[in-house]
Amino acid sequence: MTRRRWTRLVMGLFIISGWMLTSCIQEKPLPILGERDVQGTDTIYHTIADFRFIDQDSNIVSKETFKNKIYVADFFFTSCRSICPKMKTQMLRVYDKIEQEPDVLLLSHTIDPEYDTVGLLHDYAERLGVKSNKWHFVTGNKDDIYNIAQTSYFATAMEDKSEPDGFLHSGAFLLIDKHSRIRGKYDGTKEEDVNRLIADIKRLQRENSQQ
Amino acid sequence: MNSRIVRFVLTTLVVFACLYIQRCTPGTDNKSSTKLKQYYVKGEALYITYCSNCHQKDGSGLGLLYPPLNKSDYMSSRRQDVICLIKYGLQGEIIVNGKGYNKPMPPLPRLTDLEIAEIATYIYNTWSHQEGLIDVKEVSGTLSQCKDLQ
């Protein structure tokens, strides 16, 4: 074989292997969590129900607020000393990562709305040093909050007098896509799990940009 | 030749014996540094259980919600108040490194005086602090005087 032929062969191999590699790298989309209903050719996925809460700036926060946005939701209360400070430390890490991303928001629900008034949530957010249009701390009707936690986000949130602070709740962070579907559940008290969440937010953003 | 060897062996033995006596006699310095270590190790475990949730493992605090401990003019200047507030909690605003913090700190009434001494020894001898041992006697004395917090 001449030298030129060799060069062509090697280049060809490069192109083929390059193509094979990129087709491997195409990532799998994140799973869609919750029950699904197949009707004919359509699959109907579990989505977050409609809601209406009030945030730290007394603004109404509803599904409309998160239209075409990715968001991370959690449940906490300001006077909690067990897992909430850990969750807030981790959520603050998420906040730092997404602060400049216009399509990602955070939503923290208080499960102690009687104590956590709008004023208190405002003070809490301000002390964390976060912007209210990026990270909404919401309060509202207690039953509505517990209900949406349990039936929409599959998160535990209830009053429990046997608990040290009077509430039982999970430290979960839920990743919600722009179609209100749950795409990931993470332990908000664990750094590694939150690293996974941060990576998954980017994955979801890429998924959106491909559509 | 033989006597040389004997002399050498004897000298070595004497030197080792002296070293042994010096190291193993419980001198005051040694004793307090062992005690400091014991307090520190137990204090670290207690700190992780009771304090690190809010003040963080590295003592950096969280925003303006929970004040830092790793560098804290409040800690340096108000040791007695710190001992009291570990047990009895704290309400109202405090200024730490020029910034105001105003979230109530819950009391930990079940902690014993010794446990508080251990926590205090840990936080006052880690990060930027080097205050030495905070003995249980000092803590008991201080705690009996923080009436206004009880």
Side-chain angles (χ1 to χ4, degrees), chain A residues 56 74 76-97 99 106 108 110 112 114-117 119-132 134-137 161 163-167 169-171 173 187-195, chain B residues 44-75 82 84-112 115-116 119 122-123 126-127 149:
Chain A
Q56 70 265 43
D74 76 344
F76 87 115
F77 55 109
T78 64
S79 58
C80 147
R81 54 194 153 161
S82 51
I83 58 173
C84 312
K86 279 190 188 171
M87 290 165 70
K88 288 294 155 276
T89 308
Q90 293 303 324
M91 194 64 105
L92 196 60
R93 283 180 57 222
V94 179
Y95 177 88
D96 289 338
K97 294 275 190 249
E99 201 185 347
L106 306 178
S108 288
T110 177
D112 186 9
E114 279 152 25
Y115 181 78
D116 287 337
T117 55
L120 222 127
L121 291 174
H122 184 87
D123 178 65
Y124 192 89
E126 210 168 70
R127 287 180 176 278
L128 264 180
V130 299
K131 288 189 203 124
S132 51
K134 200 76 201 161
W135 188 348
H136 298 278
F137 289 86
K161 295 279 178 273
E163 287 292 309
D165 290 325
F167 294 93
H169 69 126
S170 75
F173 288 174
D187 185 338
T189 64
K190 295 210 169 76
E191 197 178 325
E192 320 85 72
D193 243 42
V194 175
N195 289 342
Chain B
E44 183 173 19
L46 290 165
Y47 177 82
I48 287 166
T49 310
Y50 295 107
C51 322
S52 72
N53 253 1
C54 296
H55 295 288
Q56 312 293 326
K57 270 187 190 165
D58 64 359
S60 59
L62 182 63
L64 293 176
L65 286 171
Y66 314 118
L69 308 181
N70 51 8
K71 270 188 190 164
S72 163
D73 56 356
Y74 185 91
M75 269 176 69
V82 170
C84 288
L85 68 84
I86 294 173
K87 181 153 183 157
Y88 298 111
L90 190 67
Q91 300 274 346
E93 188 175 47
I94 58 165
I95 308 291
V96 181
N97 305 333
K99 291 173 185 162
Y101 295 83
N102 198 0
K103 286 270 154 209
M105 172 161 154
L108 293 164
R110 267 182 293 177
L111 288 182
T112 63
E115 285 171 325
I116 290 171
I119 293 172
Y122 173 70
I123 61 172
T126 189
W127 310 310
L149 289 167

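Order of the sequence lines fixes the chain letters, A, B, ..., with proteins taken first and strands second; residue numbering starts at 1 for each chain. Just so you know, these numbers come straight off a predicted model, no measurement behind them.
- In this structure, B:K71 places its NZ atom where only 12 or fewer heavy-atom neighbours from other residues, nucleotides or ligands lie under 6.0 Å away.
- Note: B:L62 CG to A:R127 CZ = 11.5 Å, rounded to the nearest 0.5 Å.
- Separating the NZ atom in B:K57 from the NZ atom in A:K86 is a distance of 7.0 Å, to the nearest 0.5 Å.
- Side-chain contact check for A:D123 versus B:K103: some heavy-atom pair is nearer than 4.5 Å.
- For a residue to count as touching a neighbouring chain, one of its non-hydrogen atoms must lie under 4.5 Å from one of that chain's; by this rule B:K99 does not touch chain A.
- For CD of A:E114, the number of neighbouring non-hydrogen atoms (other residues, nucleotides, ligands) closer than 6.0 Å is 12 at most.
- Shortest non-hydrogen contact noted between B:N53 and A:I83 is ND2-N, 4.4 Å.
- Remark: B:Y74 OH is packed, more than 12 non-hydrogen atoms of other residues, nucleotides or ligands lying under 6.0 Å away.
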